[in-house]
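One structure is given here, and the rest of the page talks about it.
Only a predicted model underlies this, so the values are computations on that prediction, with no experimental measurement involved.
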Protein chains: 4
Amino acid sequence: MARIKQTDRQQILDQTRRRLLEAAADEFARAGFSDANINTISIAAGFSKGTIYNYFPSKRALLLALVDEIALQHIAFIQEQVLLESDPLLRLERFYQAGFDFVTASLPRARILFNLINGSDEKFKAYVFIAYQPMFNFVANEILARGVEQGQFRLVEPAPTAMLLMTIYLGTASQRNDEGQAWLDPAQVSALVLHGLQK
Amino acid sequence: MARIKQTDRQQILDQTRRRLLEAAADEFARAGFSDANINTISIAAGFSKGTIYNYFPSKRALLLALVDEIALQHIAFIQEQVLLESDPLLRLERFYQAGFDFVTASLPRARILFNLINGSDEKFKAYVFIAYQPMFNFVANEILARGVEQGQFRLVEPAPTAMLLMTIYLGTASQRNDEGQAWLDPAQVSALVLHGLQK
Amino acid sequence: MARIKQTDRQQILDQTRRRLLEAAADEFARAGFSDANINTISIAAGFSKGTIYNYFPSKRALLLALVDEIALQHIAFIQEQVLLESDPLLRLERFYQAGFDFVTASLPRARILFNLINGSDEKFKAYVFIAYQPMFNFVANEILARGVEQGQFRLVEPAPTAMLLMTIYLGTASQRNDEGQAWLDPAQVSALVLHGLQK
Amino acid sequence: MARIKQTDRQQILDQTRRRLLEAAADEFARAGFSDANINTISIAAGFSKGTIYNYFPSKRALLLALVDEIALQHIAFIQEQVLLESDPLLRLERFYQAGFDFVTASLPRARILFNLINGSDEKFKAYVFIAYQPMFNFVANEILARGVEQGQFRLVEPAPTAMLLMTIYLGTASQRNDEGQAWLDPAQVSALVLHGLQK
DNA sequence: TATGAATGAGAGTTCATTCAT
DNA sequence: AATGAATGAACTCTCATTCAT
């Protein structure tokens, strides 16, 4: 009995936390960190202002928790897609395709990410890079290093090149019109990158 | 006599405006629009709070005035550099080189630009794009269209491709370490882009 | 239980609102709208500055809420007193007596009213007239029209004459010395008005 | 020669002062003391901000100088009109007629007066009453005392009754519609007052 | 005499955060 | 666990006043 109750309680806690994070994502995407409003978030989540502070110690911590979540989802989604292919060239194409798909599907969350990376708060920026470290490593090892080994890519240094690919991804995928459609086509971007990487 | 006085006064006005814009550039770069502090700006410029409002009607107007100034300098600098070459391929290289140089030389101003473009305030974003329209046109006409005409580039559509080049430029040039050094090399970026554009 | 809590909370809300309005009445009476200080009001009410904005969206809205309250009290008090008599002549006397009594008892609130009516903000003025419409109607119908019907008053038009009586009331009752005593005697005023209305 | 120059200079000074006072009258009438804007006044007068402070030591002093001027004009106009008649009854009618005429002709200045009298600044109020002392005396002596002596008025005390007449005048004459037309007719008001004063 | 750039105290308002319930 | 009334520091913006020219 007690254990069941315990479980129920945990579920309620998780669900509240989830709703708060969802609402926070929308608000942070809409307004950025400084202009995001804690009250707006709590109301959108269906709770009152105080509840947020039962789950997150501060507005800043709320955003960081959201970054963690976004990074996990983002990395998992891209890895999953990329690993469907084994050829490094196809993996690269998949990488851009999956990246654009992720941004399309999760535009508010992606916007938060881009805002933070190109924003002026260095602490946020550093936090994001740490959270995305697995993705950098994945691109470097599973796409670039393999392509170089197999002789499909020029002899590039995996680490800085991974950064280049990521930067191009973020820069191109983030440009959207009012309906959320990308200005650029991922195939166009990966074609361009592939030309650059091939011998 | 009267004319001299008039001139003096105008010079003082211009100089004050200049110092305010310089200080504003630093502060907006450091903190972004919302967290930038009017008081900090005026103190840094050597004036008191109220003086800003003798020159700009609001914090927002101050930033927009700065955007105008940055865009003019930015566009002029890049055009000047690019036009030193006549070959479209070399022009493209110059474009990235000049772009990276501009960011290096005017990092705070470039940061403001990137923040606005990737930020959440749609009005700021629209304003920036209008201010940079001449640059888009320049890239489309003086680099891409010429390269296509002369058979050096694939048959790309100048307008969206100009946007792609700009996006890649902004995305790559803006990534800097703490000392302001670019993570990426402009030659690397233009090589990649060139590979993508060539037949 | 829950209902009691609910009630308690509502009582606290009402009480805070009440204290804010009381303090606001004193401050607006002392200084007029423009020179009234939000901080002074909240401190006098025993709260901090921000609390006012949990109850009223702006300084202006605070004053308008106060006007609503004053008008309701004012009208109710005068109607109650006037309706103690049925003879229109006696009603007129009661009207001035009650009016002067109201001003004596609620001098700060009355001052706010007079300030607004004779002030330069047309929006405030219009708001006050709308709030006092019931009083104009009451004087026109329950005093003047009846007196004319019963042949005690000259054949005057009720509406503009009601305005005249109100104007004389406001003009005379508002003149007070430092101790809040009226310069004029309401009996004197109503005698004068009665002479003017009788055949 | 020197004396002529001196005269010219004095004329310029007087004219500037005059234009400043005219502009100040409009602005104080429009907005009341607190919301009146020194810059608006100086621009309307065709001068710059600083000039006001060459003529008046402060915004407050500017208003007081204006009050002096208004009172002098006001009193002179009413005395002149009233003294055209010798019969106290006709003088009383003239008093209200002239009063309403003055307000009609000098609405901004009259508004300033009414605002101050019914406003919340006690110092302004006291200043106005001192400036209008000659008018109170004039009404008491030249209208009321004479009417009582000649047996046309009831045996009223001149001083408080003068105050009553003035208060009624100010209260009634100040109510104007958007085109500046009085809500009430001065004949109506003086008829009412006369009924009250006659035996 | 007239100017207007500079000042800076002070205003209303916002909002992340606290905490008693 | 959830609430929301209260807080008060911080913010942008206003404007009467000063003073060097």
Side-chain angles (χ1 to χ4, degrees), chain A residues 9 12-13 16-17 34-43 45-62, chain B residues 4-6 8-9 12-13 15-17 34-43 45-62, chain C residues 2 4-6 8-9 12-13 15-17 34-43 45-60 62, chain D residues 9 12-13 16 34-43 45-60 62:
Chain A
R9 172 162 296 176
I12 288 173
L13 280 174
T16 301
R17 193 184 141 93
S34 293
D35 293 340
N37 186 307
I38 282 286
N39 201 33
T40 302
I41 293 173
S42 51
I43 287 173
F47 296 97
S48 80
K49 233 179 326 191
T51 300
I52 285 184
Y53 290 89
N54 294 332
Y55 288 81
F56 307 95
S58 69
K59 185 184 178 183
R60 179 167 278 263
L62 171 58
Chain B
I4 290 172
K5 259 188 177 170
Q6 194 74 14
D8 286 356
R9 176 153 288 175
I12 289 172
L13 272 173
Q15 195 186 332
T16 301
R17 194 185 141 92
S34 292
D35 292 341
N37 185 304
I38 283 287
N39 202 33
T40 302
I41 293 173
S42 46
I43 299 288
F47 297 97
S48 81
K49 219 175 358 178
T51 298
I52 285 187
Y53 291 90
N54 292 337
Y55 289 81
F56 306 96
S58 67
K59 185 183 177 183
R60 179 168 277 262
L62 171 58
Chain C
I4 289 173
K5 261 188 175 169
Q6 193 75 15
D8 286 354
R9 177 155 287 177
I12 289 173
L13 272 172
Q15 195 186 333
T16 300
R17 194 185 141 92
S34 292
D35 292 341
N37 185 305
I38 282 288
N39 202 34
T40 302
I41 293 174
S42 46
I43 299 288
F47 296 98
S48 80
K49 219 172 1 174
T51 298
I52 284 187
Y53 291 89
N54 292 337
Y55 289 81
F56 307 95
S58 68
K59 184 184 179 184
R60 180 168 274 263
L62 171 58
Chain D
R9 172 162 296 175
I12 289 173
L13 280 175
T16 300
S34 292
D35 294 340
N37 186 306
I38 282 286
N39 201 34
T40 302
I41 293 173
S42 52
I43 288 174
F47 296 97
S48 79
K49 234 179 327 193
T51 301
I52 286 185
Y53 290 89
N54 294 332
Y55 288 81
F56 307 96
S58 68
K59 185 184 179 184
R60 178 168 279 263
L62 171 58

Approximate separation, where rounding is to 0.5 Å, of A:Lys49 NZ and A:Asn39 CG: 4.5 Å
Proximal nucleotide (of E:dT17, F:dA5, F:dT3) relative to the A:Phe47 side chain: F:dT3
Sugar-phosphate, base or nothing in reach of B:Ala36, heavy atoms under 4.0 Å: sugar-phosphate
Upstream residue (5' side of DNA chain F) when C:Ile52 and B:Arg60 are each assigned their closest nucleotide: C:Ile52
Between CD1 on residue A:Ile38 and CD1 on residue A:Ile52, distance to nearest 0.5 Å: 4.0 Å
Gap between atoms CD1 and C1', on D:Ile41 and F:dA16 respectively (whole Å): 11 Å
Contact under 4.0 Å: D:Ser48 side-chain N or O vs E:dA2 OP1/OP2: no
Side-chain donor/acceptor contact of D:Asn54 with base of E:dA2 under 3.5 Å: yes
B:Ser34 to A:Ser34 - nearest heavy-atom pair and separation: CB-CB, 3.6 Å
Side-chain N or O of D:Thr51 closer than 4.0 Å to phosphate OP1/OP2 of E:dT3: yes
Nearest-nucleotide pick for C:Ile12, side chain only, options being F:dA1, F:dA6, F:dT17: F:dA6
Which nucleotide in E:dT17, E:dA6, F:dT17 has an atom nearest any side-chain atom of B:Thr16: E:dA6
Residue pair C:Lys59 / C:Tyr53: nearest heavy atoms and the distance that separates them: N-OH, 4.4 Å
A:Leu62 and A:Tyr55, any side-chain heavy atoms less than 4.5 Å apart: no
Between F:dA6 (P) and A:Ile38 (CD1): distance, integer Å: 21 Å
Residue B:Leu13, side-chain atoms from C-beta onward, closest of F:dA16, E:dA5, F:dA5: E:dA5
Nearest-nucleotide pick for B:Lys59, side chain only, options being F:dA1, F:dT12, E:dG12: F:dT12
Dot-bracket pairing map - DNA chain E, Watson-Crick plus G-U, both contacts under 3.5 Å, | cross-strand: .||||||||||||||||||||
Distance in angstrom units between B:Ile43 CD1 and E:dG8 C1', rounded: 10 Å
Interatomic distance where CZ belongs to A:Arg17 and C1' belongs to F:dA1 [whole Å]: 16 Å
A:Asn39 CG to F:dT3 P, straight-line distance once rounded to whole Å: 12 Å
Which residue lies more 5' along DNA chain E, comparing D:Lys49 with A:Ser34 via nearest heavy atoms: D:Lys49
Spacing between C:Tyr53 atom OH and F:dA9 atom C1', to the nearest angstrom: 15 Å
Value rounded to 0.5 Å, distance of OG1 in B:Thr51 from CD1 in B:Ile41: 13.0 Å
Whole angstrom value for the distance that separates P of E:dA16 from OH of A:Tyr55: 20 Å
Spacing of OG1 belonging to D:Thr40 relative to CG belonging to D:Asp35, to within rounding of 0.5 Å: 11.0 Å
Closest-nucleotide 5' rank along DNA chain E - winner of C:Asn37 and B:Gly46: B:Gly46
Sugar-phosphate only, base, or nothing, as touched by C:Phe56 at under 4.0 Å among non-hydrogen atoms: nothing
